[in-house]
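Reviewing the structure listed below.
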Amino acid sequence: MAAETPFSHQTRAAALSSMAAEPVDLLVIGGGITGAGIARDTALRGFRVALVDKGDFGGATSSHSSRLIHGGLRYLEQRDFRLVFEASRERRVLLRIAPHLVRPLPFLFPVYRGARVPAWKLRAGMWLYDVLAAFRNVKSHRWLNPKQVRRAEPALKDRGLTGAALYWDAQTDDARLVLATMRSAARAGALVANYAEATSLLKPDGRVRGAVVRDVLSGETRTVRALVVVNAGGPWVDALRRMDDSAARPLLRLTKGAHVAVPRRRIGHERAITLFSAIDGRVMFVLDAVRVTADDVTYLLRSANAAFPNAHLAANDVVSVWVGLRPLLRQDQAASPSQVSREHRVVESAQGLITIAGGKLTTYRVMARDVADRVAARLHELDGRPIAPRPPTDRLPLPGGEAAELEVVLEAARRAVPDATARHLVASYGSETPAILNLVDRDRGLGEVMAPGRPEIWAEVAHAVEREMALRVQDVLIRRLHLFYEYTEQGTAVAAPVAQRMKKLLGWDEVREAEELVDYFRLVERDRTFRTELRT
Ligand SMILES: Cc1cc2nc3c(=O)[nH]c(=O)nc-3n(C[C@H](O)[C@H](O)[C@H](O)COP(=O)(O)OP(=O)(O)OC[C@H]3O[C@@H](n4cnc5c(N)ncnc54)[C@H](O)[C@@H]3O)c2cc1C
C-alpha cells in the first residue's frame, strides 16, 4: 500500500542545503511539467540532480492548460502523422502510469453542412486517428447519425447537422500531474525546491557550470555548482538563454490561450464537445469540466452560443477565467522533419547550456527522455562515465498510480468518508489515498469537508503541506486542491482557516500568516477585476 514519503518544507530545506554543499551532475531550471519530467528521468538514471523553480511547481503554464492528454486530432489536418502517433502512444502511457490523474474522456465532434471539414473527411480522419493509435485508444471511434446526435446532445445546434464522430482522448489534472512527476523524481533522489529562483548562471571559465539560486521566501542566496545545466523555463526559456548569451536568438513564439468557466447547466451539454468556431473555424473544446479554449472571452462565448443556440451565454455567466502562454517553437526554429517531433527542440549553446523549447503536456515524457539522453552523452564526454541505460519511465507508475489498487482503495475510502469525498480522494491521490485516511484516523476532525457541498476534507491541507511541499496558501487552494477555480468566491471562505492550519504546520508567525492572506486575496481581487471588466 501507499508509502507515506515526506515531501515538505523540510525536504525542500534539505535539498537546498545539499545542492549548495556539493556539486550536482545536473541542475534543472524550471519545475513545470517539462522540468519535472527531466528530473525524474535523469534521477532514475542515477545522476545527482537538482531542480529549482522560482514559483510553485507547475505554477505557470503547466497549471493553465486545457488539461487534455490527446493524440492531437488537429495535427492530422497538417499531415503530421508522426506527432499524432507519438502523442497517441504517450496518451496510452500516461493512462497506464497515472490512471488516477489521467482519465479517458469521450468527445462528440458534430459536423454541419458547409463545414470547413466535411463529414467524409472527418470520418477518414477519425479512422486514421484510430490507426495511428494502433487501435489501442481507449475505444475506437463511432459515427452517429443526426438522430443519434440529437438524442446524445439535445442542446446542440440542430440546423444543418449531418452527423457526429464519438471519439476518445483523455483528461488530466495538470497541476497534480506535475506534482506527481516531481515527487517521483524526488523519490529517485532528485533534490527539488520550489520558490527558488536561478538569478544568474555561473560561468567561471566561460562554460555554464551552475547557477546562483535565491530562496524567494527567505531571500537567502546560494551557489549551486553543476556539470550540466538544463533550461526548462517554459515561457522564460529565452530570458534564461539571454542570461547565458545576451545575443541569443529567441526560440519561442508565445501565444495566448484563454479558458472560460461557466456553470455546466448554462450550456446543457452532456459530454465533452469538439467544435469548429462559427466565427473563424478554429477548433475549440467544450469540456467536461465546462471549460472552453481559445483566445479571448467574447470569442469563446459567441462561439459557444452559436453551437448551443439556447445557451445565450453572457459575460456575467463567467465563473472564472484563466490564461496561459503557450511556449511554442518559432517557425524558423522548428526542427527538421527527420527529428523526433516538430513540437519540441533541444538546443545546446556554445557555453553548454541545454535548452528544451516547445512541446506539450501530453508528450512531456518523451521530451524529458530526449533531454536526458543529451545530458547522459554530455556527462559521458565530461568524465567518461558509462552511458546509463534509459529508465522505464513508461512503465513505472507515478506516485498514486498503482492501478491494481484503485478499486480496493476506493472501497476502503467509502467506509471512512462520504462517497463523493472517497471518489475525489482517489481521483486526486490514487493509491496513496490511505495516507489521507490515516490522518483522519488520528484526528476525526480532519475528515470533515472544508466547505458545504464540496468533497475536499481538512486532512488534505495537512497532506499538501507535509507530503506535497505546499508552502503558501495559494499552493493549497489553487494547485493542490482546486478551490480557487471550482468553489464560489474563489475559496475565500476557507482561506483564513487554511492559513491558520498552515501556520501551525509550518511554524509561521502572525505577520507571515497575514501576508499569506493578503497575497491570496490579491489574487482573488485580480480575478474579480478581470471578470468585472468583461461585463463592462
Ligand atoms: C492555454 C493552453 C492550453 C494548453 N492545453 C494543452 C493540452 O490540453 N494538452 C497538452 O498536452 N498541452 C497543452 N498545452 C501546452 C502545455 O501546457 C505546455 O506545453 C506545458 O505546460 C509547458 O510546460 P513547461 O514546464 O515547459 O513550462 P511551465 O509550466 O511554464 O514551467 C516553466 C517553469 O520555469 C520556471 N522558471 C522560469 N524562470 C526561472 C528561473 N529563472 N528560475 C527558476 N525557475 C524559473 C517558472 O516558474 C515555471 O514554473 C496548453 C498550453 C496553454 C497555454
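Keep in mind that what you see is a predicted model, and the values were worked out from it rather than measured. One-based numbering, in listed order, for ligands and for the atoms of each.
- Interface of L240 with ligand 1, defined as ligand atoms under 4.0 Å from a residue heavy atom, comprises 38 (N), 41 (N).
- Any N or O atom pair closer than 3.5 Å counts here, and A198 shares at least one such pair with ligand 1.
- At a heavy-atom cutoff of 4.0 Å, ligand 1 is contacted by the side chain of I29 but not by its backbone.
- At least one cation-pi condition fails for R480 and F7: the charged atom is not both under 6.0 angstrom from the six-membered ring centre and inside a 45 degree cone around its axis.
- Interface of A60 with ligand 1, defined as ligand atoms under 4.0 Å from a residue heavy atom, comprises 30 (O), 48 (C), 49 (O).
- Among S65, S62, G324, G234, the residue whose heavy atom sits closest to atom 22 (C) of ligand 1 is S62.
- Side chains of Y364 and S62: a donor-acceptor N/O pair is absent below 3.5 angstrom, by distance only.
- Every atom of ligand 1 with a heavy atom of L325 under 4.0 Å away is listed here by number and element: 53 (C).
- Within the 3.5 Å criterion, the main-chain N or O of P23 finds a donor-acceptor partner in the side chain of R48.
- Contacts of R67 with ligand 1, taken as heavy-atom pairs under 4.0 Å, involve the backbone alone.
- Between the H269 side chain and the L287 main chain, a donor and an acceptor come within less than 3.5 Å of each other.
- Side-chain polar atoms of T393 and R365 form a donor-acceptor pair below 3.5 angstrom.
- Within ligand 1, the atoms closer than 4.0 Å to a non-hydrogen atom of H70 are 9 (N), numbered from 1 in the order shown.
- Per-residue contacts place W236 under 4.0 angstrom from the following atoms of ligand 1 (heavy atoms of the residue considered): 37 (C), 38 (N), 46 (C), 48 (C).
- The closest side-chain donor-acceptor pair between S184 and R40 falls under 3.5 angstrom.
- Where the criterion is an N or O separation shorter than 3.5 Å, residue side chain and backbone included, L68 meets it with respect to ligand 1.
- Those atoms of ligand 1 that come under 4.0 Å of a heavy atom in A232, given as number and element, are 32 (C), 34 (O).
- Proximity to H64 (heavy-atom distance under 4.0 Å) selects the following atoms of ligand 1: 1 (C), 2 (C).
- D245 and S349 share no donor-acceptor pair across their side chains, judged by distance under 3.5 Å alone.
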In residues 472-479, what donor-acceptor pairs under 3.5 Å come from side-chain atoms, sequence neighbours left out?
from, atom 1, to, atom 2, distance (Å)
R472, NE, E516, OE1, 3.4
R472, NE, E516, OE2, 2.9
R472, NH2, E516, OE2, 3.3
R472, NH2, D519, OD2, 2.6
D475, OD1, Y195, OH, 2.6
D475, OD1, R479, NH2, 3.0
D475, OD2, L471, N, 2.9
D475, OD2, R472, N, 3.0
R479, NE, D56, OD2, 2.6
R479, NH2, D56, OD2, 3.4

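- Residue contacts with ligand 1, taken as heavy atom pairs separated by less than 4.0 Å, do not involve A36 at all.
- For D56, no nitrogen or oxygen atom sits less than 3.5 Å from a nitrogen or oxygen atom of ligand 1, counting backbone and side chain alike.
- Taking only non-hydrogen atoms, the option from L361, V52, T199 nearest to atom 10 (C) of ligand 1 is L361.
- In summary, the atoms of ligand 1 found under 4.0 Å from a heavy atom of G257, numbered by their order in the structure, are 1 (C).
- Residue pairs meeting the side chain to side chain donor-acceptor pair (under 3.5 Å) criterion with at least one partner in residues 28-39, sequence neighbours excluded, are absent.
- The aromatic rings of H424 and Y429 stand perpendicular to each other, their planes meeting at an angle above 60°, with 30° marking the opposite boundary.
- Ligand 1 lies less than 4.0 angstrom from a heavy atom belonging to H259.
- Between S66 and ligand 1, at least one pair of N/O atoms sits closer than 3.5 Å.
- Of the possible polar contacts, none joining the S277 side chain to the R282 backbone as a donor-acceptor pair under 3.5 Å is found.
- The shell of residues lying under 4.0 angstrom from ligand 1, judged by heavy atoms, excludes S63.
- No donor-acceptor contact under 3.5 angstrom links the side chains of Y167 and N137, judged on distance only.
- Between the choices R326, E90, E343, the shortest heavy-atom distance to atom 53 (C) of ligand 1 belongs to R326.
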